[in-house]
Amino acid sequence: MSPAQIRLTTLWRREVSRFLKIKRQTIGAPLLETFLYISVFGAALGSRIDQLHGIDYVVFVIPGLIMMSWATNAFANNSSSILQQKFQGAIQDQLSSPASPLELLLAFSLGGFTRGMLVSLLTLTAGALLVDLPIEHVGVLVPALFIVGFFFSQLGVLVGVRAEQFDDVAFAQTFVLQPLIFLGGVFYSAALLPEPFQTLTHFNPVYYMINLVRYGFLGFSEANIALSLGFLSIATAALFAFNWRLFRNGYKLRA
Amino acid sequence: MIDPPALDIADLGKRYPTGVEALRGVSLQIAAGEFCGLLGPNGAGKSTLIHCSTGLAQPTTGSIRIFGHDAVEHYGEARQAVGLAPQDLNLDWFLSVEETLDFHGGYFGMARRDRRERTAELLEIFSLTEKRDERTRTLSGGMKRRLILARALMHRPRLLILDEPTAGVDIELRLELWHYVRQINQEGTTILLTTHYLEEAEQLCDKIAFINDGRIVAQGSSEDLARRYGVANLEDAYLELVGRKELSRSHLTDLAPT
């Protein structure tokens, strides 16, 4: 491996090592949360709702939960890890190394991406054990999940770099991320909403993410697949470019 | 061909976004192999100078070259040559002692086998072998200080920057650290040391630079500085510099009741 590859993999290993050392909180808790969602919305509520667009309600919900796991864990990991390291001052060891801004950004991003992927895979396994979950379009599902993971990794990095106290991260998580995800249609079909909420949902990027992932699993989507993929790819690339600029300028990282 | 200086700082200025001007045209040269002390009161600009040299702060004006590499334009080569033992105990709480060294080596591009060998060597030198699996936050203050120095040396830097390395450590560890840094300096590592212990600077440093209010106000050997200020020793020269000569021990002795 070249020195650059060693630097990148070590920075990434540090991120993975952090979340594995506190796995009850970083892996266990999100899994339990997802299990509770499946129980409440699938088993309890599902017995009343029965079907949505001809799909069993619990099956309709699970793709959204898988997407939500990846998104929230990628975000939470990166925002917390960066802020903790800034607090401890431990980030100085990385910032004073020869690692380039791109290497640092990629490593932080991939840390959360990896945790999100791990929790999502475990959620998928649990979901597949509980219900008969089809995978209709793997060619859409995999890129869709990767885009979702990378988008929220970038968002986590952005919030972590900007944050000056833990309250800043909690604020973004509670007042921005959760509403976007819950109102994006994880637990319902946007077509069921009255106006103007149905139209407003179309301005929420998470709506397109859920639809892409749902299409990958179930073959059902309320949004145009190609347009959604294109729009989300551009949004993710733009966010990455913005973060890269912050890292190059040392924004809130280097005095 | 003449070797470039280990550290060549020219007209360095640093103004923080808050408007504080921490450095005002600092110029300082440290030759390869030299042991240089940087002395000055709190807030004089010592840590800012170190942060600018290691990429933790971005200079506003001027230049820094480390063994000929510009610290901003060619930061990769420049930082590869520097080891920093910061004033704060900024260890990563999530890592063990061994991981701290191994990961640091990785951040500096060292191959796995080299990391393993160097880690074992440094753990032994700093009497940390038995603590290798312990999380850093469980270590005592002295152990943390040893680990920080070991971490700074992990990638075999040619320039070692020690920012108040003996602040708050017991006498035994202080003497141990003195012995070790003197030894690595004799083996060829250039050292820049900031300290508030003038005895430490006098014992260890070939050259001493006084920094005050963001400017290098004097530099030379301990004897040169005492001569320049017309006083008996480095401590009195320092007190002259900060405008507190009434605190000089000789002055206080004269005032003592008989």
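In what follows, chains carry the letters A, B, and so on, assigned in the order in which the sequence lines appear, proteins first and then strands, with residues in each chain numbered from 1.
- The closest side-chain heavy-atom distance from A:I6 to B:R115 is below 4.5 Å.
- In this structure, the side chains of A:S96 and B:Y75 stay at 4.5 Å or more apart for every pair of heavy atoms.
- In terms of heavy atoms, B:D92 sits closest to A:A90 at CA-CB, 3.8 Å.
- Heavy atoms of B:S96 lying under 4.5 Å from chain A belong exclusively to its backbone.
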Verdict with supporting geometry, B:F103 and A:Q94, side chain to side chain contact (heavy atoms under 4.5 Å, CB included): CA-CA 9 Å; B:F103 280 46; A:Q94 301 168 356; over 6 Å; no

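- For the pair A:R7 and B:F108, the cation does not sit on the ring face, since its NZ or CZ is not both under 6.0 Å from the ring centre and inside 45° of the axis.
- Put simply, of A:I91, A:I22, A:L11, A:D93, the one with the most heavy-atom pairs under 4.5 Å next to chain B is A:D93.
- The two residues A:G89 and B:N90 make their nearest non-hydrogen contact at O-ND2, 3.2 Å.
- In this structure, A:R254 and B:G55 approach most closely via the heavy-atom pair NH1-O, 2.7 Å.
- For A:P98 against B:Q80, the heavy-atom pair with the smallest separation is CG-OE1, 3.0 Å.
- Neither the backbone nor the side chain of B:R112 comes within contact range of chain A; no heavy atom of the residue lies under 4.5 Å from a heavy atom of that chain.
- At least one side-chain heavy atom of B:F94 sits under 4.5 Å from a side-chain heavy atom of A:Q84.
- A donor-acceptor pair is defined here as one N or O able to donate and one able to accept, closer than 3.5 Å; no such pair exists between the side chain of A:Q92 and the backbone of B:P86.
- In this structure, chain B has no heavy atom under 4.5 Å from any part of A:Q5.
- Heavy-atom distances place both the backbone and the side chain of A:S100 under 4.5 Å from chain B.
- Counting heavy atoms of neighbouring residues, nucleotides and ligands inside a 6.0 Å radius, atom CZ of A:F242 does not exceed 12 of them.
- With a 4.5 angstrom heavy-atom cutoff, B:Y16 touches chain A only via side-chain atoms.
- A:R13 has its side chain out of reach of B:E99: every pair of non-hydrogen atoms, C-beta onward, lies at least 4.5 Å apart.
- A pairwise comparison of heavy atoms in B:L95 and A:K21 identifies CA-NZ, 3.8 Å as the closest pair.
- Between chain A and the options B:E77, B:K14, B:H51, B:R135, the largest number of non-hydrogen pairs under 4.5 Å is found for B:R135.
- Residues B:L91 and A:Q88 are not in side-chain contact: their nearest non-hydrogen atoms beyond the backbone lie 4.5 Å or more apart.
- With a threshold of 4.5 angstrom between heavy atoms, A:L8 does not approach chain B through any atom at all.
- Of the two parts of B:D88, neither the backbone nor the side chain holds a non-hydrogen atom closer than 4.5 Å to a non-hydrogen atom of chain A.
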